[in-house]
Amino acid sequence: MTHDKHLATSLDNGPEDAWVSVIQKMDEAYADLVRYQVEVEEKNLELEENKQFFDSIQSSMSDVLIVCDHSGYIQRVNRALEFLTGSVGESLIGTRFTDLVESRFLQKVDSFLNQIRIQPVRDCELELKGVDGPVPLSMNCSPRKNRRGRLVGMVLIGRPLGELQKAYIELNNTHAELKLAQERLVQSEKMASLGRLVAGVAHELNNPISFVYGNMHALQRYTARLSLYFDAINEGQSRESLKAMREALRLDKLIRDLNSLVDGTMEGADRVKEIVNDLRQFSSTQESEKKRFDLTHVIRTALHWIIKESKHPVEVRETVPDGLFAFGHSGQIHQVVVNLIQNAVDAMMDSHEKILTLNAEQVAGTIEFRVSDTGSGVSGENLSRLFDPFFTTKPVGQGTGLGLSISYGIVSEHGGKLEISNNPTGGAHALLVLPIEESPVV
């Protein structure tokens, strides 16, 4: 209406003014058209760039991408699926997704559309029909919705399991190598500990062996006397002569001594067997089945070995009751106990007063074993590093730095606890806690 009035006014003012007004309006309309055209071209360019961006992403994906409608018909795929199936993308559009799935997995994928209404499908293993045969995939399926939030289809992304399996194999091999290296380190540290105990163990073996050796010498002499007496009997010597020989050879005393000699020899042999079994158990590389074992015997054996080998006299205050049983590998725990006691003895090497205190007790469902010394203790900065591999406060060449680290790993694997702190009165204090029964599997 305003335009008509303006045009009427222009006409009233003359034909020239009317044409000027018309030309102005045409210029304005043309400018609007040009502006709209520029905006459209910019939007088209932006859309084209976005399309190229998303196309490049899809082309670069190593995972398979499939977009389907709510009926399961394919609407879009990426180059990874084309490469996997050997089919061109255009030929796949409009086909059912289930046509690409191996028949034995059809029942599983038929339920995808219903499942995603509740929650997305995660890591579903299935096989697609590949150009070179079935291809195993780990498939994720998510719902695709329109602006109103209505379900219009689904988006499937699958990762070939060949890569995952290869990565898993590599990870498994690396883990096996690390486990083997750890076992070698454990055995190396165990042999180092065993080497430090050789002198004490040799002395320990020498006592029963010497006892057996002495008894066998006595039995050898007794055998010679008995042989003379039996030869005289076989020769038919007179009763009086045999009686005189019996008294001269002191056979009555000899016969009374036989039982004690045999018992003593058996006792010495049993002691040697016990020491050898302890050594074999301590140094064994085989991991036997976990079971209840006599922790008291393990503690006293380790203490005996270390004190025998110690170059300095150490006062031992032991309060370890008989019959304390823990659950686990006795050989591995033996190594831990040896390490704790040996460290305590080594820590007191330069101390004026050398007192080693051991005590153990049953607390609820565990055994608590404590080792205390009168050494200089552990500095605050080193307390947090004691269980680090290769960390040691000993001089170079006197410690591997693996003993406490390996001990901590062994105790943790047993479901126990190992702690080291400083005594308020001086020296260090170690606490070893072990279960007395097998922990229930959760």
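Treat the numbers as computed from the prediction; the structure is a model and nothing was measured.
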S.K.: Hey, are the side chains of F369 and V371 touching, using non-hydrogen atoms and a 4.5 Å cut-off?
M.R.: yes

S.K.: Quick one: is the NZ or CZ of R96 closer than 6.0 Å to the six-membered ring centre of Y73, and within 45° of its axis?
M.R.: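 Yes, R96 sits over the ring of Y73.
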
S.K.: Does E353 offer a backbone N or O that forms a donor-acceptor pair with the side chain of T374 under 3.5 Å?
M.R.: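 Yes.
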
S.K.: List for me each residue that meets salt bridge (Lys or Arg N to Asp or Glu O under 4.0 Å) alongside E361, sequence neighbours excluded, and say none if there are none.
M.R.: R370

S.K.: With sequence neighbours left out, what residues match H175 under ring pair (Phe, Tyr, Trp, His ring centres under 6.0 Å)?
M.R.: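 Residues passing ring pair (Phe, Tyr, Trp, His ring centres under 6.0 Å) with H175: none at all.
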
S.K.: Restricting to salt bridge (Lys or Arg N to Asp or Glu O under 4.0 Å), what partner residues turn up for R122, sequence neighbours left out?
M.R.: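 Checked R122 against salt bridge (Lys or Arg N to Asp or Glu O under 4.0 Å); zero matches.
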
S.K.: How many angstroms lie between SG in C141 and CD in Q119, if you round to the nearest 0.5 Å?
M.R.: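 Atom-to-atom, C141:SG and Q119:CD are 12.0 Å apart.
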
S.K.: Assert yes or no for the condition that the ring centre distance of H414 to H329 is strictly below 6.0 Å.
M.R.: yes

S.K.: List the atom pairs, with distances to 0.1 Å, where a side-chain N or O of residues 224-238 and a protein N or O form a donor-acceptor pair under 3.5 Å, not counting sequence neighbours.
M.R.:
unit_1 : atom_1 : unit_2 : atom_2 : d
R225   : NH1    : L249   : O      : 3.1
S227   : OG     : T223   : O      : 2.9
N234   : ND2    : F230   : O      : 3.3
E235   : OE1    : Q237   : NE2    : 3.2
Q237   : OE1    : S241   : OG     : 2.9
S238   : OG     : S241   : N      : 3.2

S.K.: Can you tell me how far the CD1 atom of I333 sits from the NZ atom of K290, to the nearest 0.5 Å?
M.R.: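 If we round to the nearest 0.5 Å, I333:CD1 and K290:NZ are 8.5 Å apart.
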
S.K.: Under a 3.5 Å distance rule, please check whether N423 uses its side chain to pair with a backbone N or O of T425 as donor and acceptor.
M.R.: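 Judged by distance alone, no pair lies under 3.5 Å.
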
S.K.: Quick one: which residue pairs count as a side chain to side chain donor-acceptor pair (under 3.5 Å) with a foot in residues 313-323, not counting sequence neighbours?
M.R.: R300-E318, R300-D322, E315-R317

S.K.: Nearest 0.5 Å, what's the CG-CG distance between L92 and L81?
M.R.: 5.5 Å

S.K.: Taking all heavy atoms of L358 and all of I341, pick out the closest pair and write down the distance.
M.R.: CD1-CD1, 4.2 Å

S.K.: Closest approach of G375 and D373, non-hydrogen atoms and distance?
M.R.: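 In terms of heavy atoms, the two residues are closest at N-OD1, 2.9 Å.
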
S.K.: Does anything in residues 123-135 pair up under salt bridge (charged side-chain N to carboxylate O under 4.0 Å, His left out), and if so which pairs, sequence neighbours excluded?
M.R.: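 Salt bridge (charged side-chain N to carboxylate O under 4.0 Å, His left out) check on residues 123-135 returns R104-E127.
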
